[in-house]
Amino acid sequence: MEVYDVLIIGSGVAALQLATSLSHEKSVKIITKSQIKNTNSYMAQGGIAAAMGSQDDPSKHIADTLEAGRFHNNEETVCEILNEAPPLIDEFSKQAHIFDKAQDGSLLLGLEGAHSEKRIVHSGGDATGKNVIEHLMSRLTENIEVEENIFAYQLIIDSRSKKCVGVKAKDPDGTIRFFYGDAVVLATGGCGQLYPFASGAPTVTGDGIVMAYLAGAEIADMEFIQFHPTLLYKDGETKGLISEAVRGEGAIIITEDGTPIMQGVHPLKDLAPRHIVSQTIFNAIEKGRDVFLDIKSIQNFQQRFPSITAICEANHIQIADGKIPVVPGCHFLMGGIKTDVIGCTSINGLFAIGEAACTGLHGANRLASNSILEGLYQGKKLARWIDTSLDQHPNPEFAEDIPAIQEKETLLPDVQILKEMMMKKVGIVRTKELLEEQKNWLKRLKLNDFSELDAYSVPDITAIFMYITAYLITDSALKRTESRGGHFRSDFPYEDNDNWCKKTIIQKCDRGKDVYHEQIETALVD
Ligand SMILES: Cc1cc2nc3c(=O)[nH]c(=O)nc-3n(C[C@H](O)[C@H](O)[C@H](O)COP(=O)(O)OP(=O)(O)OC[C@H]3O[C@@H](n4cnc5c(N)ncnc54)[C@H](O)[C@@H]3O)c2cc1C
């Protein structure tokens, strides 16, 4: 019987920070669908934002976050996390000794897009995620069990108490396993893999969001997808991220004839908020232009950006040429499972942290380097709450593991088709016609028929989750008849503060009724 105090699904920064911050008295289980390091967290380059500089102040970080989020943020959450960021980073820095420092011992601070001050703490130049994760892994203690290659696919809700008490998961051999916890925590990341051009890990396919949605939790703001302006582009494919920190050090975006394309578009030019830079590059590409990052002005590029240099060299792009070919691609999901700042969802016993959660920190568009921070903050905060306030669940009826059963096929189109369709119809520039076409196509696939998942293989369940996530994004994007942050509609190109200062919340109705039921909630923004 696999029963724990705390059951965590996922092994990114949010999951590991939670596990290592809990009391050692708690029994903790981490299950993760691939290897422990196969996460977006491990790939993070730029760093962690915190108002640490002598000229800086959390109030400036708050103002930048609200501006980038187009005031769709939950202001209370923003203030809480960003006021706490400097002491959190200070404590982490003393514990980890991983951050890059100047000769006088002070932290080196980088600049990224839409930040009004240098405030990005980084490690190993551009290896922040790797070093943060390696450090957290070094702190895993005996009370924490980690099991890799276990794919979670269904939340277990106790029929009497309506609490979430565990999760069903599959072994590599197809055995169905039941894991139970007093607290069940989804730390499953976002859904970057829904798009053909994506910066992140292959493991990030919306699974936790769909599991929560199918169990009846509230899902918020799924239309807000951040497209990172600069993914390395080679032979028709994206090959990895070229961090915004590169533009922070002086790189500019040009077309093949050397024309700088951000001039006159926004006062911050190449460091404008990401959605504006991405839309500008997208428009240039639509006009048949090739787009590059001009890095000639950056001294010692190889030393400052060793990971990016390695990605370029592996793809035969010579740093000495001073030009890196780029396209925008899916990078971050601002929406997700609706939670408070701790991670409480609308289902008792179920928590969500990190990118899978929608706390309201990011609003309609995330300010660069605010998400590792959110994972570190939430992980620690939820640990403190679980240690002091978590009620024990009444014992659910425990089910035993079931050997692999005869699998059936979904007959859904290949996910590559879904990815192409999402980029074309629910991508950087959206319209009512494109969104309706996509919604109708998805509806014809009768996704409701896939409610019993036991008999499907792990790749097939992953595909089902990707299709349902696509529906949640498309439907929310159709509903929001304005443009804001990461959601741009060319048929409604402006922000509409009179009608749209509210969240799009989707919650599944009872079986048998229309599955996709939308609620609108007034947000905190005036
Ligand atoms: C290339 C890149 C660079 C970035 N750079 C920065 C940066 O510099 N600063 C910053 O703040 N942010 C950055 N980000 C964003 C940031 O890395 C992520 O938002 C953050 O790491 C998400 O952490 P997480 O813990 O929520 O999830 P992730 O790190 O995405 O981990 C998700 C985990 O859930 C597991 N999982 C998913 N589904 C299942 C399932 N069904 N069963 C079991 N396990 C499952 C996955 O295997 C994985 O272990 C970057 C992102 C990318 C892609």
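Residue indices begin at 1 and follow the sequence shown. Counting starts at 1 for both ligands and their atoms, following the listed order.
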Protein residue, atom and distance nearest to [atom], heavy-atom basis:
| atom | value |
| --- | --- |
| atom 18 (C) of ligand 1 | Glu355 OE1, 3.3 Å |
| atom 43 (C) of ligand 1 | Lys33 N, 3.3 Å |
| atom 7 (C) of ligand 1 | Gly47 O, 3.6 Å |
| atom 48 (C) of ligand 1 | Thr39 CG2, 3.5 Å |
| atom 4 (C) of ligand 1 | Ala44 CA, 3.4 Å |
| atom 23 (O) of ligand 1 | Ser41 OG, 3.0 Å |
| atom 15 (C) of ligand 1 | Ser371 OG, 3.4 Å |

- Just wondering, more than 12 heavy atoms not from Glu409 lying within 6.0 Å of its CD?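 Incorrect, the count does not exceed 12.
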I need the contact type for [X] against ligand 1. Using non-hydrogen atoms and a strict under-4.0 Å cut-off, is it side chain, backbone, both or neither?
| X | answer |
| --- | --- |
| Asn370 | backbone |
| Tyr153 | neither |
| Asp207 | side chain |
| Val204 | side chain |
| Ile36 | neither |
| Gln45 | backbone |
| Gln378 | neither |
| Ile9 | side chain |

Considering the heavy atoms of [X], write down every atom of ligand 1 situated less than 4.0 Å from one of them.
| X | result |
| --- | --- |
| Phe151 | 41 (N), 42 (N) |
| Ala152 | 40 (C), 41 (N), 42 (N), 43 (C) |
| Ile150 | 42 (N), 43 (C) |
| Ser199 | 1 (C), 53 (C) |
| Phe332 | 19 (O) |
| Ala187 | 32 (C), 33 (C), 34 (O) |
| Val13 | 23 (O), 25 (O) |
| Leu241 | 1 (C), 2 (C), 3 (C) |

Students often mix this up, so state it plainly: with edges at 30° and 60°, are the rings of [X] and [Y] parallel, tilted or perpendicular?
| X | Y | value |
| --- | --- | --- |
| Phe450 | Tyr456 | perpendicular |
| Phe305 | Phe301 | tilted |
| Phe92 | Phe99 | tilted |

Contact between ligand 1 and [X] is defined here as a heavy atom of the residue under 4.0 Å from a ligand atom; is it met?
| X | value |
| --- | --- |
| Thr32 | yes |
| Ser369 | yes |
| His228 | no |
| Leu16 | no |
| Gly129 | no |
| Arg366 | yes |
| Ile48 | no |

Which option, [options], owns the non-hydrogen atom nearest [atom]?
| atom | options | value |
| --- | --- | --- |
| atom 46 (C) of ligand 1 | Thr128, Asn149, Leu18, Thr203 | Thr203 |
| atom 32 (C) of ligand 1 | Leu367, Val458, Thr188 | Thr188 |
| atom 51 (C) of ligand 1 | Gln35, Glu374, Met43, His331 | His331 |

- Heavy-atom side-chain proximity of His72 to Met334 below 4.5 angstrom: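 Not touching, per the 4.5 Å side-chain cut-off.
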- Lys/Arg N to Asp/Glu carboxylate O, Glu91 vs Lys380, below 4.0 Å: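 Yes.
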Check whether the side chains of [X] and [Y] place a donor and an acceptor atom closer than 3.5 Å, and report yes or no.
| X | Y | value |
| --- | --- | --- |
| Asp221 | His487 | no |
| Asp64 | Ser116 | yes |
| Thr359 | Glu374 | yes |
| Thr65 | Asn73 | no |

- Task: Determine, stepwise, if the pair Ile120 / Glu244 fulfils side-chain contact (heavy atoms from CB on, under 4.5 Å).
- Result: CA-CA 11 Å; Ile120 315 300; Glu244 203 154 79; over 6 Å; no
- Message: Quick test of your reading: applying salt bridge (charged side-chain N to carboxylate O under 4.0 Å, His left out), list the pairs with at least one residue in residues 194-213, sequence neighbours left out, ordered by first then second residue.
- Response: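 Listed once each, the pairs are Lys33-Asp207.
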- Matching residue for Val146 among Ile30, Leu16, Ile8, Ile31 - test: side-chain contact (heavy atoms from CB on, under 4.5 Å):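 Among the candidates, only Ile30 passes.
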- Query: Centres of the Phe224 and His362 rings: under 6.0 Å?
  - Reply: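 No, the ring of Phe224 stays outside the 6.0 Å limit from the ring of His362, centre to centre.
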- Message: Would Thr20 and Leu140 count as a side-chain contact (heavy atoms from CB on, under 4.5 Å) here? Give the steps.
- Response: CA-CA 6 Å; Thr20 55; Leu140 290 169; 4.0 Å; yes
- Item | Working for side-chain contact (heavy atoms from CB on, under 4.5 Å), residues Asp460 and Leu453 | CA-CA 9 Å; Asp460 274 2; Leu453 296 169; over 6 Å; no
